[in-house]
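This one's a predicted model, so the numbers in the text were calculated from it and none came from an experiment. So you know, we letter chains A, B, ... as the sequences are listed, proteins then strands, and number each from 1.
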Number of protein chains: 2
Amino acid sequence: MNQKIFVSAKEVADRAGVSRSAVSRTFTPGASVSEETRRRVMEAAEALGYHVNHLARGLMRNESGLVCLIVSEMDTPYRSSLIRAISHQLQSVSKVAMLINTDRSDKSVDDALRLAISYRADASIILSGMPDRSITDLCMKSGQRLVLINRDEEREGALMINLHDREAARRALIAFQRAGCSRLAFANSDVGTPSLMAREEGFVEAADDAGIDVVVERFGPTRYQSGVVLAQRLLTREARPEAIFCANDLLACGVLDTARHQFKLAVPEELCVIGFDDIEQSSWSSYELTTFAQPVDLIAKEAVAWLTHPAPADGTASRIRADLIWRGSVRGG
Amino acid sequence: MNQKIFVSAKEVADRAGVSRSAVSRTFTPGASVSEETRRRVMEAAEALGYHVNHLARGLMRNESGLVCLIVSEMDTPYRSSLIRAISHQLQSVSKVAMLINTDRSDKSVDDALRLAISYRADASIILSGMPDRSITDLCMKSGQRLVLINRDEEREGALMINLHDREAARRALIAFQRAGCSRLAFANSDVGTPSLMAREEGFVEAADDAGIDVVVERFGPTRYQSGVVLAQRLLTREARPEAIFCANDLLACGVLDTARHQFKLAVPEELCVIGFDDIEQSSWSSYELTTFAQPVDLIAKEAVAWLTHPAPADGTASRIRADLIWRGSVRGG
DNA sequence: CCCGCTCTTGCAAGCGTGTGCAATGGTTTC
DNA sequence: GAAACCATTGCACACGCTTGCAAGAGCGGG
């Protein structure tokens, strides 16, 4: 019942009347094989349904072609589009994505990395959580490349890809000022992801510099439902905010919906909102959310490029600008 | 630079003062090892940072622990939540998901399956497209299990998981009738996915049976933007539909937004809408979409259960009921 | 005609595991 | 006390592949 019949290079070799090495070389780009043998091998392989065993190949080369994607809450719009972009890029360089979803705990990230090592993954890309330093050291020692996306924390020899969160936050403030808003708020989840915190801090600092007060509210996971709660908290304050910068588009959607439907506020006339990520829903006509775009394709490209191309200096940090997408949720675009 | 230093079972054995087999057995559940040796092996393994090489293990067992997920447009809400559910289930039985995204072509699905075979994946789960019969036969011969989700087409020895699309469509009709709608429409994409077509056909048949006419409109990919176009086409008809059953929640969101914002129609007073999938956005207060829920967790559970537990009869079909989630987009819930 | 060169090919040594087989030592049973 | 049994352990082979090495083939130049 569980007997799997795979055809091996030996059988192909026999059928083609060549040695096993010839078969191997036929399927190894850049190896020395004559046109004639290659043809005969391919013919036999086709007929028998032969496929190179990537496990064995990986065992020899110590390089599996697998790249581990470590991510939590991957059914979230931003995450899933990033995963899509990355796996697409990986395929274009003949690698394949191994998907591991974690809960938010760093422990589960450690486990994921261990698994990656077990599979001799060529690299791991971390989208959520932060592994223990001892594990990352182990990765380095194992020759496993590491990419940290939006983690904003240093790790020996790893590539860090981050956005200019703080700078974006400053621009959000300017946008609100231009719109004539003076009572400002920042809506955040309470998970404390580095990039989210950077947006918050950047916004608060910029406001401080401008001598403006800003109310910060934090609640729950970084999801729509938390946005609902945050809006309820913020919009029932004595001095109702005129503008809310949300750490995230999902939060922003929750805020927008609650402001409009529950509090009957007109956006952007009575309330301006800016989000972050530019998820697909932000462009839907119910939201028309002004937001900062995460350039997922660019991020994916940088990550994969670094994996394939040995890095110049081995640990590198890349910081990408997030463009502001003007839509209808802020006055005076 | 590319030299990876991995620690092998041999080194662990030396350090622990036992044979290499002992190490192997320590990491093989159910193998015969004394408590004492196990302890010493674990200690040495810990100290050296040893991890069983899954490639080598897979090579021996002809079973990699990898399961291939083949999917297109994976950044779509329904798809990504299904992927999440499946990969979660897989992890709970110590398998790991290999993610391959395809374009819509069946050719790319074939390639994906070939890759799965190359990696000696234990199984492949197909969420998009339909592979050529010759390839699926090859999979069977290679002992590779195959799960087809929402593909609604027979394949030798594969597990097919489908919903009762037709029956759901009949219930949609009943819901519209109860709401007093008589001019009905069905909004579909033009990609012709079997499950989407089944919903369309089921709806049209049910309407026929009831002696009601239904306008069918098809356009573009199965996305929000197509919903916008479909609404524009349907709502400018001489006899404006009073109810629209959408093949998909994404389409429904586009339809709803366009009906409300562009055509200033009140939902559900002037227009009733039903969708399919119950994506997260459907519950957002801008939509409050009445829709059929795809039980993604159940689907994932069935798929993975079949993978691990050798099937009773080897090719099986499972058909799952989709529950109607009543929200505000249909009158008289 | 021979030397040296290039291109191709086969041999065989691994890569890091799992596991059948036989040997060992200890324990139970009669 | 001997026989029978069991748990544990080491040996050695197999898994399917890559690749260094050496040998063979073809060929032009001297």
**Student:** Would you classify S34(B) as touching base, sugar-phosphate or nothing, given that sugar-phosphate means primed atoms plus P, OP1 and OP2, and contacts are heavy atoms under 4.0 Å?
**Tutor:** sugar-phosphate
**Student:** Determine, for nucleotides 16-28 of chain D in 5'-to-3' order, which nucleotides have protein heavy atoms under 4.0 Å from the base (write B), from only the sugar-phosphate (write S), or from neither (write -).
**Tutor:** BBBBB--------
**Student:** Find the distance E63(A):CD to dC15(C):P and express it as a whole number of Å.
**Tutor:** 17 Å
**Student:** Expressed as a whole number of angstroms, how long is the span from E35(B):CD to dG26(C):P?
**Tutor:**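 That distance rounds to 19 Å.
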**Student:** Taking 4.0 angstrom as the limit, do D152(A) and R319(A) come out as a salt bridge?
**Tutor:** yes
**Student:** Any side-chain heavy atom of V147(A) sitting closer than 4.5 Å to one from S124(A)?
**Tutor:** no
**Student:** Is the number of heavy atoms from other residues, nucleotides or ligands within 6.0 Å of CD (E46(B)) greater than 12?
**Tutor:**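 Result for CD/E46(B): open.
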**Student:** Answer with yes or no whether the side chains of Y78(A) and N150(A) bring together a donor and an acceptor at under 3.5 Å.
**Tutor:** yes
**Student:** Only counting residues at least two apart or in another chain, list the ones meeting side chain to side chain donor-acceptor pair (under 3.5 Å) with N101(A).
**Tutor:** S87(B)
